[in-house]
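Fair warning: this is a prediction, and the values are worked out from it, not measured in the lab. Order of the sequence lines fixes the chain letters, A, B, ..., with proteins taken first and strands second; residue numbering starts at 1 for each chain.
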Amino acid sequence: AQSVTQLDSQVPVFEEAPVELRCNYSSSVSVYLFWYVQYPNQGLQLLLKYLSGSTLVKGINGFEAEFNKSQTSFHLRKPSVHISDTAEYFCAADSGNTGKLIFGQGTTLQVKP
Amino acid sequence: DTGVSQDPRHKITKRGQNVTFRCDPISEHNRLYWYRQTLGQGPEFLTYFQNEAQLEKSRLLSDRFSAERPKGSFSTLEIQRTEQGDSAMYLCASSSTPGQGNYEQYFGPGTRLTVT
């Protein structure tokens, strides 16, 4: 069965430092990959997605991610974080392009001044 | 396009009562999904519709849960005889058909259910 693993439950980082949030997925078929952000008491907002094509994907708010098929990873990066990036981040996969998203457990990004 | 809306935003109910949630998707989307999110966890898939047809139900969806999308527009999720374990955030999302165009799922703000 498809699964998504986010390797870090919490990532503390200082403002203006770079950050990487790690995500690994398991799939034997083609896969769509997504990163969502969730602010407290709000729904999920899409940061970026990989459907096909270029393995380096750029999203909103300066985030980017790289699809690595050999390592089954889709890590999220930002070169310089802001206090406002403090939120919960979820990696999700859609195996076989069914539309059924499988989410990771989430990573809490804590940006400190 | 006003996005995906859900009603109510919060619901407090007593154990054993029935509750119903509503989701209004983005109008041109033919796919509608329901997810459940418990505290500190990622959302878990519950069920989804292609137009009015319910195509898949998760094992998480016990017989007390039922979802409908009667005219292929809005959807309702009903929980009968609620239990404390049903306390969660219920999220709705909509999308175009996967593989067609610029596919992504748009999420609503969620309905937070508390069963006392």
Side-chain angles (χ1 to χ4, degrees), chain A residues 1-10 21-25 27 29-53 57 59-60 65 74 76 87-108 110, chain B residues 2-7 9-10 21 23-26 29-51 53-61 89-112 114:
Chain A
Q2 172 71 281
S3 66
V4 175
T5 302
Q6 292 182 241
L7 298 165
D8 306 292
S9 60
Q10 293 187 355
L21 305 184
R22 297 180 293 168
C23 173
N24 285 91
Y25 67 94
S27 175
V29 299
S30 61
V31 61
Y32 292 163
L33 295 162
F34 306 84
W35 275 99
Y36 285 88
V37 61
Q38 187 175 37
Y39 299 100
N41 299 314
Q42 294 188 25
L44 299 169
Q45 180 183 6
L46 183 70
L47 281 175
L48 48 77
K49 62 187 177 185
Y50 172 79
L51 302 183
S52 65
V57 179
I60 63 171
F74 190 57
L76 181 70
E88 190 80 10
Y89 291 78
F90 292 98
C91 180
D94 173 6
S95 175
N97 308 332
T98 63
K100 182 174 73 175
L101 291 181
I102 305 299
F103 285 85
Q105 301 90 328
T107 298
T108 303
Q110 301 165 321
Chain B
T2 58
V4 178
S5 61
Q6 293 187 244
D7 183 69
R9 294 290 306 275
H10 299 91
F21 310 141
C23 171
D24 286 90
I26 293 171
H29 285 168
N30 52 16
R31 284 279 185 102
L32 186 149
Y33 312 82
W34 286 99
Y35 295 85
R36 182 175 70 184
Q37 184 179 22
T38 53
L39 200 62
Q41 300 295 317
E44 297 171 294
F45 169 81
L46 292 179
T47 187
Y48 79 97
F49 294 83
Q50 173 93 12
N51 300 313
Q54 188 173 16
L55 297 186
E56 186 172 344
K57 293 173 60 174
S58 163
R59 292 187 303 275
L60 294 173
L61 227 59
M89 176 78 87
Y90 290 84
L91 296 167
C92 176
S94 70
S95 77
S96 56
T97 302
Q100 294 181 357
N102 195 16
Y103 165 70
E104 67 180 79
Q105 292 189 22
Y106 293 82
F107 281 81
T111 294
R112 182 169 296 283
T114 302

Chemist: Does any heavy atom of chain B fall under 4.5 Å from the side chain of A:Gln45, the backbone, both, or neither of them?
Modeler: neither
Chemist: Sort out for me which of B:Gly42, B:Pro109, B:Pro43 touches chain A most, counting heavy-atom pairs under 4.5 Å.
Modeler: B:Pro43
Chemist: For residues B:Tyr35 and B:Gln105, is any side-chain donor paired with an opposing acceptor at under 3.5 Å?
Modeler: yes
Chemist: What part of A:Leu44 gets closer than 4.5 Å to chain B, counting heavy atoms only: side chain, backbone, both or neither?
Modeler: both
Chemist: Quick one: what part of B:Gln37 sits under 4.5 Å from any heavy atom of chain A, side chain, backbone, both or neither?
Modeler: side chain
Chemist: Could you tell me whether the side chain of A:Asp94 and the main chain of A:Gly99 form a donor-acceptor pair under 3.5 Å?
Modeler: yes
Chemist: Using the side-chain hydrogen bond (donor to acceptor under 3.5 Å, both in side chains) criterion, which residues pair with A:Glu88? Sequence neighbours excluded.
Modeler: A:Thr108
Chemist: Sequence neighbours excluded, which residues qualify as side-chain hydrogen bond (donor to acceptor under 3.5 Å, both in side chains) partners of B:Trp34?
Modeler: B:Ser75
Chemist: Shortest non-hydrogen contact from A:Ala93 to A:Val4?
Modeler: CB-CG2, 3.6 Å
Chemist: Pick one of side chain, backbone, both or neither for B:Gln6, based on which atoms fall under 4.5 Å of a heavy atom in chain A.
Modeler: neither
